Novice: 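Before anything else, here's the structure in question.
When reading the values below, keep in mind they use all heavy atoms of this one structure, side chains included, and skip hydrogens, waters and symmetry mates. Naming: A, B, ... by sequence-line order, numbering from 1 per chain. The model shown is predicted, which means the values in this text are computed figures rather than measured ones.
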Amino acid sequence: MSYSSDDDDKPLIFKRNSRPDTVKSSSSSQPSRPSPKPINEEVDSEDDKPLSSRISIVSKGDTNHAAKKGPSTSVSPLPKPQVKDEDSDDEKPLSSKYTFKSKVGSSTNDKPLVSKVHQNGSASKDKNQLKNIGVNKRPPDDERPTSSVKKPKLSDSVTPVNHKPVAMKAETKSDDDDDDVPISQRIKKQAPSSSNKSSSVKQKVMKKSSSPLNKTNKKSKKMMKQKQSQYSKPSKIPPGSGEGQKWTSLVHNGVIFPPEYKPHGVKMLYKGKPVDLTPEQEEVATMFAVMLDTDYMTKPQFKENFWGDWQKILGKKHTIQDLENCDFKPIYEWHQSEKEKKKQMTTEEKKAIKEEKMKIEEKYMWAIVDGVKEKVGNFRVEPPGLFRGRGEHPKMGKLKKRIRPSDITINIGKDAPIPECPIPGERWKEIRHDNTVTWLAYWIDPINSKEFKYVFLAASSSLKGQSDKEKYEKARKLKGYIEGIRKAYTKDFGNSDDTKRQVAVATYLIDKLALRAGNEKDDDEADTVGCCTLKVENVEPMPPNILKFDFLGKDSIRYQNEVEVELPVFKAIQQFRTGKQGNDDLFDKLDTSKLNAHLKELMPGLTAKVFRTYNASITLDDMLTRETKGGDVTQNLVVYQHANKEVAIICNHQRTVSKSHSAQMTRLNEKIDELKGVIKELETDLSRAKKGKPPSKSSDGKPKRNLNPEALQKKIAQTNAKIEKMERDKETKEDLKTVALGTSKINYLDPRITVAWCKRHEVPIEKLFNKSLLAKFAWSMDVDPSFRF
DNA sequence: CTTAATACTTAGCACATTGATC
DNA sequence: GATCAATGTGCTAAGTATTAAG
């Protein structure tokens, strides 16, 4: 390994690489990507600092993008809590709703008029709602104190039922006066007042101790057993709601099924001859044919599994006796031409089809949760197909059978009408009324009968937003414990108790490298690992104190990294490896349950994944603070992207290099060269102009304008600037070709950090959050500009 | 304890749409 | 206005985590 230490004082340490650009096509070999750049790290961790500072990043100086774009349309003085009024809101561009231009202090929001509130997060035209469904549509601003809840499952003494967008929003309002106080403080000072209205949101954050919500009369199962342990608050219980109650009323229309199979009649060949297939056989053959141009075709496992399932449908006696002699091309080509046809359709035709589809699907898109219209996430039942497992999945290619209504369990409010089964003559498997869960429906995963496929609300829903917020609040809470936790595990690196030592080292790795917990996996899943499931061969100690990691993590994405660690950790890893084979567990005394049980002793609700959230968010907050220099919007966006990228690297969020990447780079280079040629020419002309000569002939022989030296100078400068910008863009592009920035933005970065930063630096939030993100993070829009993670 | 069942979050990629560029 | 890259969205696989059951 080369640890080149071109970075002066630091010993070079972190080096990340990974899959080759060929990822997609590679078959047997493990994917790996080159990493953008090495990261150096300081050995001794400084407790409180974010990962980014504990790990020093070799950043290439920030490029300041010269091009200035005019500040965009920022307008409204302050974002306000959004209460949507479908009718009026719809038309407005989101930008007019958000976009902060406000200065830090100005924070008095006007109150949202919560009068109509219909729907939460969505940008849609929802003229037709589930209107006809009789539901207890509560007026939005109805506060719904506990008592109003129809089924008081909880005694009145219990925390008031939390509430929804409406309440939530209304609430926000109420702490307006607090606006300049950081949320965390507001939370603290919030007295659990009796006023039901304000109880909701903050409730969740309340100390566990204060709200010993014991499951009371939950009718069922899980609840009974719930141990009201010493650290009470089971994370499941949403703040203001009853014992794990997630909703009080729930109305929706069930799910929609893909169309029945329509045979195309195109015959495939077997040993060169056309074969007749029944529609069912043809359907499965078509699933395979359609994948002819994917690299699943290079995987024997895929073909084997496909053949196994297809043969069951063909029958043992069928003409077709093997896959080798099958020629699916005719079907493949038919499919390609269908695709082409579709592409050729005029915009109007496409539009018409789309609208038609919308009309049919409209009613499935929405649910009414506690009186608020919310978007449903995946209301379309997954169509049949061949299982596309990632990595070397043992089940790839298996037939994912068609799901029928009789496979579906619906969960809905007791008082809601049962959705009509969309397929005439068929019926749902089961109807439940479980308000302790958020799913609207589920079916058994046809590939793995031990698992389920759930239908949930969309990310823009209050239910999801609420839990998202809780996730970040928990991560922020870790801030207050992290120092102690680090001290504690550091102390245990040398603990004589094997288990304790392993817990300490594992926690260290999770904290420092943002590794995933690493649950156990079955043999019928791809062989990937996380922290607790690391194998001896995945971590190679390289004296004096470097650990070389190389393993396949989630989604079979390769994690490669070389890290300098504290000596005791290094020694401990060496010791964990002794006497074991490469394939043995590195942490043989450990699994995620034990690890999490330990973590919970350190902080209520703490689990391994919280470290990832914490480290990602604190890194963003820290880098934004350190690197924002008060430039223009463009420059600030570069700062943000830089921070975002760092987080993505820490979390190992990768993407495959686009097929056209190298071609694009080549083109960029050509353009740069071209511009350089222009410069040369301009320089020639400049010197000639200075001598009073006319410009040289341009290459194409056309005469050029006779410019004066000043004009030429200016042109040269402009062109140079252009070249510089292109060089920077090129670099950025190359740099980010394997880095996926989106994943962290969606899942790990507390949106309040971004929103507050935007407010502080007058960056329109729309530059960073697209429509979906704005909807998903609606709950964070009114954060105080001074918010820090 | 260990394993199974359950529910929910996180993930990359394919495809669609939008936007920039010539 | 066509072309092609960038961006957005849908899809569904693959994780984490808790609780119940054995």
Novice: Using a 4.0 Å heavy-atom cut-off across all strands, classify Asn519(A) as base, sugar-phosphate, or nothing.
Specialist: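 Asn519(A): base contact, heavy atoms under 4.0 Å.
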Novice: Under 4.0 Å, counting only non-hydrogen atoms across every strand here, what does Gly742(A) touch: a base, just sugar-phosphate, or nothing?
Specialist: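 Here Gly742(A) touches no strand at all.
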Novice: Give me the distances for all protein-to-nucleotides 1-4 of chain B N/O pairs that come in under 3.5 Å?
Specialist:
none

Novice: The criterion is side-chain contact (heavy atoms from CB on, under 4.5 Å); which residues satisfy it with Ser593(A), sequence neighbours excluded?
Specialist: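 With neighbours one apart ignored, the set is Asp591(A).
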Novice: Can you list the residues that meet the side-chain hydrogen bond (donor to acceptor under 3.5 Å, both in side chains) rule with Lys471(A), with sequence neighbours excluded?
Specialist: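 Partners of Lys471(A) by the side-chain hydrogen bond (donor to acceptor under 3.5 Å, both in side chains) criterion, ordered by chain and then number, come out as Asp468(A).
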Novice: With sequence neighbours excluded, what pairs up with Glu525(A) under the salt bridge (charged side-chain N to carboxylate O under 4.0 Å, His left out) test?
Specialist: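 For Glu525(A) there are no salt bridge (charged side-chain N to carboxylate O under 4.0 Å, His left out) partners, ignoring immediate neighbours.
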Novice: Considering every strand and a 4.0 Å limit on heavy-atom distances, what is the contact class for Lys671(A): base, sugar-phosphate, or nothing?
Specialist: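 Here Lys671(A) touches the backbone only, sparing every base.
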Novice: Measure from CG on Leu463(A) to C1' on dT9(B) and round the result to the nearest Å.
Specialist: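 Those two atoms, CG and C1', are 14 Å apart.
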Novice: Can you list everything that forms a salt bridge (charged side-chain N to carboxylate O under 4.0 Å, His left out) with Lys357(A)? Sequence neighbours excluded, please.
Specialist: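 With sequence neighbours excluded, Lys357(A) shows a salt bridge (charged side-chain N to carboxylate O under 4.0 Å, His left out) to no residue whatsoever.
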Novice: Once you round to the nearest 0.5 Å, how far does CG of Asn411(A) lie from CD of Glu430(A)?
Specialist: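 Rounded to the nearest 0.5 Å, the CG-CD separation comes out at 9.5 Å.
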Novice: Under the ring pair (Phe, Tyr, Trp, His ring centres under 6.0 Å) test, which residues partner Tyr472(A), sequence neighbours left out?
Specialist: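 Counting only residues at least two positions away or on another chain, Tyr472(A) forms no ring pair (Phe, Tyr, Trp, His ring centres under 6.0 Å).
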Novice: Without decimals, in angstroms, what is the distance between Gln654(A) CD and dA11(B) P?
Specialist: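 Roughly 12 Å, once rounded to whole Å.
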Novice: Rounded to whole angstroms, how far apart are NE2 on His661(A) and C1' on dC4(C)?
Specialist: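 About 16 Å, once rounded to whole Å.
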Novice: Expressed as a whole number of angstroms, how long is the span from His598(A):NE2 to dA17(C):P?
Specialist: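 One finds 14 Å between P of dA17(C) and NE2 of His598(A), rounded.
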Novice: Taking ring pair (Phe, Tyr, Trp, His ring centres under 6.0 Å) as the definition, give me every residue that meets it alongside Phe456(A), ordered by chain and number, with sequence neighbours left out.
Specialist: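 Scan of Phe456(A) (ring pair (Phe, Tyr, Trp, His ring centres under 6.0 Å), adjacent residues dropped) gives Tyr454(A).
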Novice: Sequence neighbours left out, what passes ring pair (Phe, Tyr, Trp, His ring centres under 6.0 Å) with Phe288(A)? Give chain and number order.
Specialist: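 Expected list: Phe306(A), Phe328(A).
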Novice: Does NZ in Lys350(A) sit with more than 12 non-hydrogen atoms of other residues, nucleotides or ligands closer than 6.0 Å?
Specialist: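 It does: Lys350(A) NZ has more than 12 such atoms within range.
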Novice: I'd like a table of atom pairs between the protein and nucleotides 5-8 of chain C - only N or O on both sides, under 3.5 Å - with the distance next to each one.
Specialist:
unit_1	atom_1	unit_2	atom_2	d
dA6(C)	OP1	Lys733(A)	NZ	2.8
dA6(C)	OP2	Gln664(A)	NE2	2.9
dA6(C)	OP2	Lys733(A)	NZ	3.2

Novice: If each of Arg612(A) and Phe456(A) is mapped to the nucleotide of DNA chain B with the nearest heavy atom, which maps nearer the 5' terminus, i.e. the 5' end?
Specialist: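 The residue closer to the strand's 5' end, by nearest nucleotide, is Phe456(A).
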Novice: Does Lys395(A) have any salt bridge (charged side-chain N to carboxylate O under 4.0 Å, His left out) partners at least two apart in sequence or in another chain, and if so, which?
Specialist: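 Partners of Lys395(A) by the salt bridge (charged side-chain N to carboxylate O under 4.0 Å, His left out) criterion, ordered by chain and then number, come out as Asp524(A).
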Novice: So, using side-chain hydrogen bond (donor to acceptor under 3.5 Å, both in side chains) as the criterion, who are the partners of Arg402(A) when residues are at least two apart?
Specialist: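 Expected list: Glu283(A).
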Novice: Give Lys343(A) one of three labels, base, sugar-phosphate or nothing, depending on what nucleic acid heavy atoms sit under 4.0 Å from its own.
Specialist: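 No contact at all - Lys343(A) keeps every heavy atom at 4.0 Å or more from the nucleic acid.
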Novice: Looking at every strand, decide which applies to Thr438(A) at a 4.0 Å heavy-atom threshold: base, sugar-phosphate, or nothing.
Specialist: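 Here Thr438(A) touches the backbone only, sparing every base.
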Novice: Any N/O pairs under 3.5 Å between the protein and nucleotides 12-14 of chain C? List them or say none.
Specialist:
unit_1	atom_1	unit_2	atom_2	d
dA13(C)	OP1	Lys400(A)	NZ	3.0
dA13(C)	OP2	Lys453(A)	NZ	2.2
dA14(C)	OP1	Arg390(A)	N	2.6
dA14(C)	OP1	His393(A)	ND1	3.4
dA14(C)	OP2	His393(A)	ND1	3.3

